[in-house]
Amino acid sequence: MSNKGWLICGHGSRLEAGAQAFLRFADDLKKRNPQVAVEAGFLELSEPTYEEAIGKMYDNGVREIFAQPILLFTGVHLRHDMPAMMHEFEEKFSGLKIRLGSFIGATEEIVDLAIKRIEAACPDLDEAAKKETALLSIPVGASVPEANGDAAKLSRLILEKSGFGFGAYGFVSRMTSPSVPEMLSLMGKLPHK
């Protein structure tokens, strides 16, 4: 085994199924990359923690870690919390070097995945029906304007590629606007069926 490792960084979830899906993803990466130590950790709400995952790799001789956040967009966690934590871990574990990756972003693969999920949820919408349908994207929302801008961009890219007649987005979080109820109220006034 190499002295290099990958830390797959999740946020964590209140739903056990979400945490388990993330851990299965990390296990799949382990199987596909046996030459590298791969561990998963969570920022909050789930276990193992980043520190526990790093400690396991460190105990097995890993001294250089690439930490990849599995986060769709940037935000406070990626801008502040995670870099600070990784710096603390470098100080705690003697001789350890950690490089932190970036967020995933509005990639073509994410757009295609979103469209597949929409089509699975609405299998009887043909192209004509899509033109008469409005699509509401519902991102979480963040206190970081760039994250909200990226969510808006992703919503637009999905609309452009999916063929719906109209599209908008409403945020779940109270940290930004427009809210989902505001957008549902507005979209209820549209001519789309």
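None of these values were measured; they are calculated from a predicted model. Below, each value reflects all heavy atoms present in this structure, side chains not excepted, and no hydrogens, waters or symmetry copies. Heads up: numbering here begins at 1 and tracks the sequence.
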Can you find a pair of side-chain heavy atoms, one from [X] and one from [Y], that are under 4.5 Å apart?
{"X": "Ile65", "Y": "Glu39", "answer": "no"}
{"X": "Leu72", "Y": "Phe103", "answer": "no"}
{"X": "Met86", "Y": "Cys9", "answer": "yes"}
{"X": "Glu108", "Y": "Ile110", "answer": "no"}

>> Could you go through Lys131 and Glu127, starting from their C-alpha distance and side-chain angles, then the distance that decides it, and tell me whether this counts as side chain to side chain contact (heavy atoms under 4.5 Å, CB included)?
In response: CA-CA 7 Å; Lys131 293 288 181 205; Glu127 293 307 310; 5.9 Å; no
> Linking Ile, Leu, Val, Met, Phe, Trp and Tyr through side-chain heavy atoms less than 4.5 Å apart, which residues share a cluster with Leu186?
Replying inline: Leu136, Ile138, Phe166, Val172, Val180, Met183, Leu184, Met187, Leu190
Nearest 0.5 Å please: distance from the [atom1] atom of [X] over to the [atom2] atom of [Y].
{"X": "Leu29", "Y": "Arg24", "atom1": "CG", "atom2": "CZ", "value": "13.5 Å"}
{"X": "Lys30", "Y": "Ile8", "atom1": "NZ", "atom2": "CD1", "value": "10.0 Å"}
{"X": "Leu159", "Y": "Leu154", "atom1": "CG", "atom2": "CG", "value": "11.5 Å"}
{"X": "Leu125", "Y": "Ile118", "atom1": "CG", "atom2": "CD1", "value": "10.0 Å"}
{"X": "Leu135", "Y": "Arg156", "atom1": "CG", "atom2": "CZ", "value": "11.0 Å"}
{"X": "Asp27", "Y": "Leu23", "atom1": "CG", "atom2": "CG", "value": "7.0 Å"}

> Of all residues at least two apart in sequence or in a different chain, which pass the ring pair (Phe, Tyr, Trp, His ring centres under 6.0 Å) check with Phe73?
Replying inline: none
> With sequence neighbours excluded, what pairs up with Phe171 under the ring pair (Phe, Tyr, Trp, His ring centres under 6.0 Å) test?
Replying inline: Tyr169
Cluster link [X] to [Y], ILVMFWY, side chain under 4.5 Å:
{"X": "Val140", "Y": "Ile70", "result": "no"}
{"X": "Val38", "Y": "Ile104", "result": "yes"}
{"X": "Val144", "Y": "Leu100", "result": "no"}
{"X": "Leu78", "Y": "Met175", "result": "no"}

Please name the pair of heavy atoms, one in [X] and one in [Y], separated by the smallest distance, quoted to 0.1 Å.
{"X": "Gly12", "Y": "Ser46", "result": "CA-OG, 3.6 Å"}
{"X": "Ala40", "Y": "Ala26", "result": "CB-CB, 3.4 Å"}
{"X": "Met57", "Y": "Ala37", "result": "SD-O, 3.8 Å"}
{"X": "Gly163", "Y": "Lys130", "result": "O-CB, 3.6 Å"}

> According to the side-chain hydrogen bond (donor to acceptor under 3.5 Å, both in side chains) rule, which pairs have a member within residues 132-146, sequence neighbours left out?
Replying inline: Arg79-Glu146, Glu132-Lys193, Ser137-Ser155
Give a yes or no on whether a salt bridge exists between [X] and [Y], defined as a side-chain N under 4.0 angstrom from a carboxylate O.
{"X": "Lys92", "Y": "Glu88", "value": "no"}
{"X": "Lys97", "Y": "Glu64", "value": "no"}
{"X": "Glu119", "Y": "Lys116", "value": "no"}

>> Would you say NE2 of His192 has more than 12 non-hydrogen atoms from neighbouring residues, nucleotides or ligands within 6.0 angstrom?
In response: yes
> Is there a side chain to side chain contact (heavy atoms under 4.5 Å, CB included) between Leu7 and Ile98 once you walk through the steps?
Replying inline: CA-CA 9 Å; Leu7 174 64; Ile98 302 174; 6.0 Å; no
> Which pairs, with at least one residue in residues 25-58 and sequence neighbours excluded, count as a ring pair (Phe, Tyr, Trp, His ring centres under 6.0 Å)?
Replying inline: Phe22-Phe42, Tyr58-Phe93
>> Arg32: which residues meet the salt bridge (charged side-chain N to carboxylate O under 4.0 Å, His left out) condition with it, sequence neighbours left out?
In response: Asp28
> Taking it one step at a time, do Lys4 and Val62 satisfy side chain to side chain contact (heavy atoms under 4.5 Å, CB included)?
Replying inline: CA-CA 5 Å; Lys4 298 183 182 199; Val62 171; 5.7 Å; no
Checking [X] side chain against [Y] main chain: does a donor-acceptor pair fall under 3.5 Å?
{"X": "Lys153", "Y": "Ala106", "answer": "no"}
{"X": "Asp126", "Y": "Ala129", "answer": "yes"}
{"X": "Ser13", "Y": "Leu15", "answer": "yes"}

>> Quick one, Glu182 with Ser185, criterion side chain to side chain contact (heavy atoms under 4.5 Å, CB included). Give me CA distance, side-chain angles, the key distance, then yes/no.
In response: CA-CA 5 Å; Glu182 288 170 331; Ser185 175; 5.9 Å; no
